[in-house]
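Following: one structure in structure tokens, then a few remarks.
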Amino acid sequence: MNRFHGTAHSERVAARVGMWLGIAFGICFVTGLVSHAVQHPPAWFLWPSRPVNLYRVTQGLHVISGIAAIPLLLAKLWSVYPKLFERPVVRSLPHAVERASILVLSGAAFFQLVTGLFNVAQNYPWTFFFPAVHYALAWVAAGSILVHLAVKLPVIRRALSRDTTGEDTEHGRAGLSRRGFLRTTWLATGSAVLATAGATVPLLRDVSVLSWRTSNGSQGVPVNRTAVSAGVIEAARAEGWRLEVVAGDRTRRFSLAELGALPQTTAELPIACVEGWSQSATWTGVAVTDLLRAVGVEPGAELAVSSLERSGLWARSTVPGEHTTDPLTLLALRLNGEVLNLDHGYPCRIIAPNRPGVLQTKWVGRLEVR
Ligand SMILES: Nc1nc2c(c(=O)[nH]1)N[C@H]1C(S)=C(S)[C@@H](COP(=O)(O)O)O[C@H]1N2
Ligand SMILES: [Mo]
């Protein structure tokens, strides 16, 4: 009856690949939730400013586990696709629910991986707002995985606990093909990770031939959005540029020279882009703690940051209290020993430890103490 018996289409293969896929999805889901919470913090959520590289690691894991899940999902679909042709199509109500949940699961998983991949490649061939849709479907995928796990638990148990030593000889060639299939799956997964992880893992930088870091950038750091595309060249270069610092009903204005005359702090801090690339650099500028004290405010207050950029999605950000007290939260003026160039946010930009790149606002024009 089972035409696919004894090949890669066995319960055992499906369960083994499924287990690794489940682990990859689990890591991807949790790190995705972290990234979402950091960018849209609910009231109870507190994201520390240390360790400096924590977000870099969680977001790196998010993208790496997502990449690993692609070959794993393909292998999993390959191992179970004969079930699509099972007849009768629906045997009972539970069977119908199970099949429907698998449809939702495959659809959501496929959607997440494909849109995620396009996103890291900075290609947006769609009109919806990626982060919101990606976030919503993560819950759909996670929910349907749980249903699937619950339904399949007996099969998974049986498949993962079965002793294979006898089986391989029993089925001869079939056993070999099963092992060959698994080995190919691991190899494809490992290659996909190695080919891309260098975007965030410095040791793999030269190994990762498919790495998608946004150009090599100037001053040794990639550039996501250039000053030209943000339309800020004129405003950033203007003679009359002043940093406005608003605290209550007082507004202080600092020229670039005045900012340069305040105490300067230098720190090695990463840009950790949500798109999965990260890069450490040496930043120098005015510690936000020093800047706040210069305007008579105790650090610990929340800061609203506005860019000279008029309409971009990332033209504004909020630096929460935990970050304004950290002496490494900088209004950076210099990068790797040079004056920040226009693409990196001249005249000044936010660089705070343990933050997603999207919140490291460039071309800052105004800070407002909340
Ligand atoms: N004003 C403004 N700031 C911004 C952005 C932007 O589009 N506009 N992009 C952000 C993103 S997504 C990243 S990853 C970092 C990249 O900084 P870099 O170009 O100096 O590497 O800047 C952030 N700051
Ligand atoms: Mo980014």
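Counting convention: from 1, in listed order, for ligands and their atoms alike. Bear in mind that the values here come from a model prediction, so they are computed numbers and not experimental data.
Counting only heavy atoms of the protein, atom 24 (N) of ligand 1 lies nearest to Gln360 O, 3.0 Å. The shortest contact between atom 5 (C) of ligand 1 and any protein heavy atom is with Trp314 CB, 3.9 Å. Given atom 19 (O) of ligand 1, the protein heavy atom at minimum distance is Lys362 NZ, 2.5 Å. Regarding atom 2 (C) of ligand 1, its nearest protein heavy-atom neighbour is Glu309 OE1, 3.1 Å.
A donor-acceptor pair under 3.5 Å is absent between the side-chain atoms of His62 and the main chain of Thr31, judged by distance alone.
Geometrically, ligand 1 and Trp277 share no nitrogen or oxygen pair separated by less than 3.5 Å. Remark: ligand 1 and Trp363 share no N or O pair separated by less than 3.5 Å (distance only, no angle test). Geometrically, ligand 1 and Pro222 share a nitrogen or oxygen pair separated by less than 3.5 Å.
For the residue pair Glu244 / Thr251, no side-chain donor-acceptor distance below 3.5 Å is found, with atom types taken as modelled. A donor-acceptor contact closer than 3.5 angstrom links the side chains of Thr361 and Ser317. A donor-acceptor contact closer than 3.5 angstrom is absent between the side chains of Asp343 and Ser218.
Those atoms of ligand 1 with a heavy atom of Arg225 less than 4.0 angstrom away are 6 (C), 7 (O). With ligand atoms numbered from 1 in the order given, ligand 1 contributes 21 (O) to contacts under 4.0 Å with heavy atoms of Val221.
Among Gly357, Ala281, Cys273, the residue whose heavy atom lies closest to atom 13 (C) of ligand 1 is Gly357.
Contact between Arg349 and ligand 1 is present, with at least one heavy atom of the residue lying under 4.0 Å from the ligand.
At a threshold of 4.0 Å, the pair Arg253-Glu258 does not count as salt-bridged, since none of the basic side-chain nitrogens sits closer than that to a carboxylate oxygen. Checked for salt-bridge contact, Lys362 and Glu309 miss the test: no charged N lies under 4.0 Å from a carboxylate O.
More than 12 non-hydrogen atoms from other residues, nucleotides or ligands lie less than 6.0 angstrom from CH2 of Trp186.
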